[in-house]
Each structure stands twice: as C-alpha cells, then as structure tokens.
Chemist: 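Attaching a single structure in structure tokens format; questions to follow.
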Protein chains: 2
Amino acid sequence: MTSKQFTSVWLREPRKAASPGRSRDEIVSATVELLDAEGLNGLSMRKLGAKLSAGATSLYWYVANKDELLELAYDQVWAEMSVPDPDEVGWRDSAAVLAHSMRQVMLRHPWSADIVGRMPALGPHAMHVADRMRRMFKLAGFRGTEIDFAGSTLTAFVFGMTIPEIAWDTATSGDDYDPEAMRDLVRKAAARYPEMLASIDMDRYDDPRVVRELCFDFGLVSMLDGLERRLTTA
Amino acid sequence: MTSKQFTSVWLREPRKAASPGRSRDEIVSATVELLDAEGLNGLSMRKLGAKLSAGATSLYWYVANKDELLELAYDQVWAEMSVPDPDEVGWRDSAAVLAHSMRQVMLRHPWSADIVGRMPALGPHAMHVADRMRRMFKLAGFRGTEIDFAGSTLTAFVFGMTIPEIAWDTATSGDDYDPEAMRDLVRKAAARYPEMLASIDMDRYDDPRVVRELCFDFGLVSMLDGLERRLTTA
DNA sequence: ACCTGAACACCGTTCAAGT
DNA sequence: ACCTGAACACCGTTCAAGT
C-alpha cells in the first residue's frame, strides 16, 4: 500500500528522438548547468523551463518527474570521470588516477554530493566506470565477489572523503573565506576538549585545500595498501 | 555581495531555557521522529509545528531557520554512535566497533545520508566522537597531522560505504522488495558489458543485506590494515 | 517572553485544451 | 507529436499583532 515500486529513467525507453522539439540531451545539459550554477535547491522545473524558453510543464513530455532529471544529470557526472585502461598502466595507477578524477569531478559538481545518498548510479556512464573498475581489480588478482568488494571499497573511500569536503565548501560558500573566523569557530566547537584543541593544527585553515589534498593522498595510499594486503594473505 | 557569512546553530547562544514554552530538546526529538518517519522531504515546518501542536511559525522563536533544525537533528545522530575507550580495548578494536556503530546509526536514520554533504558536523556529540577518535589514533602511534588523516580515512570509509547503501534502500523503499525485479534491472543496466554481467553474482540480490555486511567487513579490514602499514613504514 | 495568522514568493505535478 | 496555462496542494520565511 505505502510501498512504491522501484523506478528509474534507465528502465524506461526514452521518447523517440524525433526531429522537432527539444532533445533530451539539450534538457540534460541545461539541467547540469543550472545545478552547477545554483545548486540542488536552485533547480526548479520552472527555472529550467525558462532557461529552455519553454513552459515549466513542457518538460514532463520528456521526463516523468524531477527525480528522473536528476538521474540523467547524475550520469553526466560519471561521464566526466576518467579511468585509464588498467591493462596499460597497471591496476594500482589506474585506481589512483580514477580516485583523484572522481574527487575532482564531484568538487566541480557539488550537487552530486546530495545525490549519492538518494539514488543508485545505474546510468550508462556509471556502468562504464564500473566495468573498468572490475577489470582493474581482476587484473590485480582478486577473484569472485572480492572483485566487487574491492571496487566498493575504492568508491567508498572517494565518496566518503569528498562528500564532507563539499559540505564544508558550501557552508563557507566561497569567496569571502576568512581563516581567522574559521579558527574561532573550531575553537568554540572544540572548547570542551582541550586535548583535541591543543593538537589541532591551526595553520590548516589558512588554505584548507592543501591539507585536504594531503589527507586524501594519505587515505588513498592506505586504502590501496590495505587492498594489496588482501592479495598476499589469500 | 552574493557571498553569505558562514552560520551555524553552534555559533549562537541558544535561548534561555526558561520554564514555560517548548524546550529545544522537545523540538529536536520531534524533528528526529518526523525525519525518521517521513524522510528529509517529509519534514516541513508546518508538519513539525502540528506535531508539537503549535503554529508552524512558532518554531522560529527557537531556531533561526530550517537548516539550524537539521544541524540539531544531525548532532543527535552522532549522539547514538558508540566508541569504546581505546585505552581499554586497543585502537584497532575501538575503530572497528565505531565503524560498525556509525553504519548502523546511519541506516537507522537514512536522512542523515543527505546531510553529510550539506553541513559539517560541529555539534557537541560529533565533537565527542572526534575526540575519542583522536585518542584512538594517537594510541595507535600516529603523530601530528596524521592523527587527523587517519580519522578522516576511517569516517570516509564508513560514510562512503553507507551513503550509497542508503540510496539503494530508499530507492527500493522497503516492504515489497522483489529480488527477481532487481536482477532484471541490473541485467538491463549492465547489458552492454557482457563480461561484467557474466561475473555478477546474481544470488546477492536474494538478500542484499548479507552481501553488504561482507563487503563492509572486507573494506574495513583492508582500511585498517592500510593504516597499520603507515605506522611500520614511518 | 512566547505564540499566532495572514501574506509573499515560491515549489512539483496533473490535466484538459490547444496546435 | 509536442506544448501550454490554469489549478491544486504544498513549501520556507517575514512580520505586525496579540497575550
């Protein structure tokens, strides 16, 4: 009764790509542009309609609802990720490049952080990345379900590092970043934990981006080492 | 001009906890209940007001806006996480227990997956977990910024594993889960990658929860091994 | 000190109607 | 086949007004 069937754009046949009218591609790239410019809350059917100089409700001809629009936009994000062929550069380099690429792409499309928790990535571009990742870990020497587990571990790490990073960026939204205000904030939040407070490196707030980069690399190396360990222990 | 100052509930003094009127605690637990029952989109000021048998706009006396409400609710999630004292059980066990606890708590409050990417965790309960985590990795032998890096790596792994898991759960929203329909979906999505398709373990869709558990454990062990490796290499 | 209702500027989606 | 506008049932937030 209260339960809804699972639905997804990828389960429906799209409208015939007829000559007149707008194309789905047009709509999707306008959606991505709007999301990049105004964020997830900035996207509304009315605004998107206006951007395409059409009525808001015209969009419902191409798409069942707003969620489908987001699914389509989300897959565009996956399209931007680059995975070098593992057969050419080896699994570990291939994994490292993918990880950095995923992070950069998400930082360019901060709204994607809100989508990862809302809908599974089932689009063709996500599938392409998944396929490459499988080959990557197969080449590494994993077998059976562990191939998937290794892939999940890699994407988990990247998502988990990048999503909170985006939370910080959008909260401090950009251009008027004030390191001293940030230090005050942290001092206030951690006031009851003097030990923690004493050991926080306050310089990191001068330019948080460089520390984050170091942190990401530290975690990535750890994770890859950990995966490699699985191979020798088997 | 377009830039907003960073704001947070944790930067303001709360209203005096006077005797009459609703207390902030009351409001926060009603918020969490509503979020658990109806999800992030199900929470509206009007519904929350009604639940407290008050006008929707009364809430603005206690809270500046809806985001502050979410910050308060989010910290309640951190309150439910359990971290054994690392001095008693050792850093590795302490980390593993925290990781499992974080995951379970998030699965109980699926709306938290949407918040991780939207606002930093600065509440007192989040700080308590952060403090314990610092001590955990200090005990392990990390020094300086690496203490923080190790902590970030741990939480990144848990968030990154759990957030997409929640996306799946909410997309297939519960009670009418049909394994066969799921297999069809996956077959359709992966149709263009026969190699991938051939090696996907279709049994996993009978009860996805057990596979996820295995996957989480696999990743967790890898990650902890990887961190341990950092210690011996230094 | 606390709460209210009216009002404003928005939403997503449905649907009958137009071409 | 494609697009429209009106309409419905919602939103978050402000603000003057009440007690």
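What you are looking at is a predicted structure, and each value in this text was computed from that prediction instead of being measured. Within every chain, numbering begins at 1; the chains are lettered A, B, ... in the order of the sequence lines, protein sequences first and strands thereafter.
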Chemist: Between B:Trp111 and B:Asp36, is there a side-chain donor-acceptor contact under 3.5 Å, judged purely by atom types and distance?
Modeler: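 Side chains of B:Asp36 and B:Trp111: pair found under 3.5 Å.
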
Chemist: Could you check whether the side chain of B:Thr57 and the base of C:dG5 have a donor-acceptor pair of N or O atoms closer than 3.5 Å, going by distance alone?
Modeler: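 Donor-acceptor pair under 3.5 Å: yes.
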
Chemist: Relative to the ring of A:Phe6, is the ring of B:Trp168 parallel (under 30°), tilted (30 to 60°) or perpendicular (over 60°)?
Modeler: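 Rings of B:Trp168 and A:Phe6: parallel, as their planes differ by under 30°.
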
Chemist: For B:Lys66 and A:Ser58, find the nucleotide of DNA chain D closest to each by heavy atoms; which residue's nucleotide sits nearer the 5' end?
Modeler: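 The residue closer to the strand's 5' end, by nearest nucleotide, is A:Ser58.
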
Chemist: Among B:Asp206, B:Asp178, B:Asp203, which one satisfies side chain to side chain donor-acceptor pair (under 3.5 Å) with B:Arg183?
Modeler: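 Testing B:Arg183 for a side chain to side chain donor-acceptor pair (under 3.5 Å) against B:Asp206, B:Asp178, B:Asp203 leaves exactly one candidate, B:Asp206.
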
Chemist: Nearest 0.5 Å, please: how far is CE in A:Met102 from OG in A:Ser82?
Modeler: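 Atom-to-atom, A:Ser82:OG and A:Met102:CE are 11.0 Å apart.
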
Chemist: Would you kindly say whether A:Glu80 and A:His125 are connected by a side-chain donor-acceptor distance under 3.5 Å?
Modeler: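 No, A:His125 and A:Glu80 have no side-chain donor paired with an acceptor closer than 3.5 Å.
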
Chemist: Using whole Å, what does the distance between atom P of nucleotide C:dC2 and atom CG of B:Leu52 come to?
Modeler: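 B:Leu52 atom CG is separated from C:dC2 atom P by 15 Å.
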
Chemist: Can you work out whether B:Ala54 or A:Asp67 has the more 5'-proximal nearest nucleotide on DNA chain C?
Modeler: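 Going by which nucleotide is closer to the 5' end, it is B:Ala54.
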
Chemist: Just to be sure I understand the rule, does B:Ser44 reach a base, reach only the sugar-phosphate, or reach nothing, if contact means heavy atoms closer than 4.0 Å?
Modeler: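 Counting heavy atoms under 4.0 Å across all strands, the contact made by B:Ser44 is with sugar-phosphate only.
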
Chemist: Rounding to an integer number of Å, can you tell me how far A:Leu69 CG sits from C:dC11 P?
Modeler: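 From A:Leu69 CG to C:dC11 P: 14 Å.
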
Chemist: From the options B:Arg212, B:Arg108, B:Arg209, select the one residue that forms a salt bridge (Lys or Arg N to Asp or Glu O under 4.0 Å) with B:Asp169.
Modeler: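 Result for salt bridge (Lys or Arg N to Asp or Glu O under 4.0 Å) with B:Asp169: B:Arg212.
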
Chemist: Find the distance A:Met45:CE to D:dT4:P and express it as a whole number of Å.
Modeler: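 Those two atoms, CE and P, are 13 Å apart.
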
Chemist: Using a cut-off of 4.0 Å on non-hydrogen atoms, how would the nucleic acid contact of B:Leu43 be classed: base, sugar-phosphate, or nothing?
Modeler: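 Here B:Leu43 touches the backbone only, sparing every base.
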
Chemist: Whole-Å distance between D:dC11 C1' and B:Asn65 CG?
Modeler: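 Atom-to-atom, B:Asn65 to D:dC11, this comes out as 15 Å.
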
Chemist: When you measure from the side-chain N and O atoms of A:Tyr60 to the phosphate of D:dC2, is any distance below 4.0 Å, counting only OP1 and OP2?
Modeler: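 For D:dC2, OP1/OP2 do not have a side-chain N/O of A:Tyr60 under 4.0 Å.
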
Chemist: For the pair made of CZ in B:Arg46 and P in C:dT4, what is the distance, rounded to whole Å?
Modeler: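 My rounded result for the distance is 14 Å.
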
Chemist: For the pair made of OH in B:Tyr62 and C1' in D:dT13, what is the distance, rounded to whole Å?
Modeler: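 The answer, rounded to whole Å, is 18 Å.
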
Chemist: Go nucleotide by nucleotide along DNA chain D from the 5' end; which of A:Gly55 and B:Lys47 gets its closest nucleotide reached first?
Modeler: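 By nearest-heavy-atom nucleotide position, the 5'-most residue is A:Gly55.
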
Chemist: Using the P atom on both, measure C:dA9 against D:dA9 and round to a whole Å.
Modeler: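 Approximately 22 Å lies between the P atom of C:dA9 and that of D:dA9.
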
Chemist: Give the dot-bracket line for DNA chain C from 5' end to 3' end: parentheses for intra-strand Watson-Crick or G-U pairs under 3.5 Å, square brackets for crossings, | for inter-strand pairing, dots for unpaired.
Modeler: ||.|||||...|||||.||

Chemist: Using whole Å, report how far CG of A:Asn41 lies from P of D:dG12.
Modeler: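 After rounding, the reported distance stands at 11 Å.
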
Chemist: Does either side chain, that of A:Arg134 or that of B:Ser199, offer a donor lying less than 3.5 Å from an acceptor on the other one?
Modeler: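 B:Ser199 and A:Arg134 do have a side-chain donor-acceptor pair below 3.5 Å.
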
Chemist: Nearest whole angstrom, please: distance from the P of C:dC3 to the CG of B:Leu59.
Modeler: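 The answer, rounded to whole Å, is 9 Å.
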
Chemist: With a cut-off of less than 4.0 Å, is there a side-chain N or O of B:Trp61 near OP1 or OP2 of C:dC2?
Modeler: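 Yes, B:Trp61 has a side-chain N/O under 4.0 Å of OP1/OP2 on C:dC2.
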
